[in-house]
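Below is one structure, written out as structure tokens; the observations come after it.
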Amino acid sequence: MTAEAILFITLGAIAGGFVNGLAGTGTALFALGFFLVALDPVSAVAIVALMSVVTGLQGLWVVREALTRNVPRLLRFIIPGLLGVPVGISLLSFVDADTLKLIIGVLLIVYGGFFSFRANLPKFERRTPVLDSLIGLTGGVLGGMASLSGALPVIWCSMRPWPKAETRAVLQPFNVSVLFTTTVMLWWRGAYTAPAMTAFLIALPTSLIAAQIGIAVFRRISDNIFRRLLIGLSLLLGLGILIRALA
């Protein structure tokens with residue numbers, strides 16, 4: 001592997017690991033562009049998914065108390081989400097993934113752009129178990145169809161005035177669960193070749209350290225700032241999706 005490839009893999013690991021530690025989501029948005037310079041698309045996606053799972057485990061430990069307090073809420077997202085992944089994969093032959101990415105990208109830009117510049121944050125307080133499950137299911141379907149499992153959960157959770165630990169206690173386990181399923185499926189299809197695993201081993205130490213730095217920042221920000229961070233990530237995620245879809 002060339003020095004240039006190692007450099008871009010390391011930069012991707014730093015960017016993806018930091019944002020994973022800070023927000024519990026968004027690894028692919030910040031890491032994939034770097035990885036695609038050094039790796040083929042299948043290997044890049046496979047390494048981002050595996051890296052998200054491994055670094056995400058650190059974030060789960062940070063919010064372990066919130067996790068144990070809100071298990072029923074979490075299961076409303078995760079179980080439908082996991083059921084939605086194979087549904088999304090089966091729909092690939094019927095729905096154009098690129099068109100779907102454009103639609104989701106525009107939605108994220110409109111939502112993130114609107115609330116990023118408003119003084120008042122969205123505030124949806126009442127319990128919505130059915131809607132939670134629908135968001136989880138749709139996230140799983142979008143994950144299977146277009147690798148966009150986190151898009152709708154990020155929007156939904158940023159609308160809820162939950163403490164930051166409770167918000168992360170939904171987003172991070174949801175992402176880890178869906179991406180772990182994705183990782184297993186990619187492994188089954190032979191995506192984790194020797195060069196791909198070499199790239200992962202190069203990225204792993206840096207991504208773990210960067211995630212710890214992100215976690216340290218997460219611990220110091222307020223609940224409102226964390227919600228604004230998620231809204232800003234929605235905007236960036238939408239722009240990233242749109243740029244890749246139109247490129």
Side-chain angles (χ1 to χ4, degrees), residues 1 5 8-9 12-13 16-17 20 24-60 74-75 77-101 104 133 135-154 170-208 211 237 240-241 244-245:
M1 189 170 290
F8 277 99
I9 289 169
N20 190 292
T25 186
T27 307
L29 169 65
F30 289 87
L32 195 56
F34 291 102
F35 285 179
L36 285 171
V37 176
L39 304 165
D40 63 272
V42 174
S43 296
V45 170
I47 297 311
V48 165
L50 184 56
M51 191 178 79
S52 299
V53 172
V54 174
T55 55
L57 295 176
Q58 297 180 104
L60 291 180
L74 176 59
L75 293 179
F77 286 88
I78 286 184
I79 293 175
L82 294 178
L83 294 175
V85 172
V87 174
I89 293 173
S90 66
L91 289 174
L92 275 173
S93 57
F94 302 100
V95 179
D96 181 27
D98 289 335
T99 302
L100 182 64
K101 286 181 179 179
I104 298 299
S133 297
I135 293 294
L137 176 64
T138 307
V141 171
L142 290 175
M145 292 178 64
S147 301
L148 296 175
S149 58
L152 293 186
V154 165
V170 170
L171 284 177
Q172 190 121 47
F174 180 83
N175 286 327
V176 168
S177 300
V178 172
L179 289 170
F180 176 76
T181 305
T182 303
T183 299
V184 171
M185 297 176 71
L186 288 169
W187 170 80
W188 184 260
R189 296 183 179 187
Y192 292 101
T193 60
M197 291 309 298
T198 300
F200 172 70
L201 292 175
I202 292 171
L204 181 60
T206 308
S207 64
L208 291 175
L237 181 60
I241 292 169
R244 286 201 295 268

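All values derive from a computational prediction rather than experimental measurement.
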Practice item. Compare all side-chain heavy atoms of F35 with those of V48 and state whether any distance is below 4.5 angstrom. Key: yes
Check your understanding: Quick one: are V154 and L237 in side-chain contact, heavy atoms under 4.5 Å?
Key -> no
Review point. Considering only heavy atoms from C-beta outward, does the side chain of L204 approach that of M51 to under 4.5 Å?
Key: no
Review point. So, N20 versus Q172: side-chain donor-acceptor pair below 3.5 Å or not?
Key: yes
Revision key, fill the gap. Closest non-hydrogen contact found for A203 with A13 is O-CB, 3.4 Å
Check your understanding: Do other residues, nucleotides or ligands put more than 12 heavy atoms under 6.0 Å from the OH atom of Y192?
Key -> yes
**Study point:** V170 side chain near P153 side chain, heavy-atom distance below 4.5 Å
**Key:** no
Check your understanding: Roughly how far, to the nearest 0.5 Å, is CG of L39 from CZ of F8?
Key -> 11.5 Å
Check your understanding: Say you draw a straight line from CG of L208 to OG1 of T55; how long is it, rounded to the nearest 0.5 Å?
Key -> 7.0 Å
Practice item. With rounding to the nearest 0.5 Å, note down the distance linking CD1 in I202 to CD1 in I47. Key: 10.0 Å
Review point. Is there a donor-acceptor contact under 3.5 Å from the side chain of N175 to the main chain of S52?
Key: no
Check your understanding: Which heavy-atom pair separates A31 from G16 by the least distance, and what is that distance?
Key -> CB-CA, 3.9 Å
Study note, to complete from the structure: L186 and A49 have their tightest heavy-atom pair at CD1-CB, 4.5 Å
Review point. If you measure from CD1 on I78 to CZ on F174, what distance do you get to the nearest 0.5 Å?
Key: 8.0 Å
Review point. Does the side chain of S207 reach to within under 4.5 Å of the side chain of V54, using non-hydrogen atoms?
Key: no
Review point. Is the side chain of S43 donor-acceptor paired with the backbone N or O of D40 at a distance under 3.5 Å, no angle test?
Key: no
Review point. How far apart are the closest heavy atoms of F180 and V53, and which atoms are they?
Key: N-CG2, 3.6 Å
Practice item. Over all heavy atoms of both residues, which pair between A38 and I9 is shortest? Give the atoms and the distance, please. Key: CB-CG1, 3.9 Å
Practice item. Provide the closest heavy-atom pair for I104 versus A151 in the form atom of the first, atom of the second, distance. Key: CG2-CB, 3.8 Å
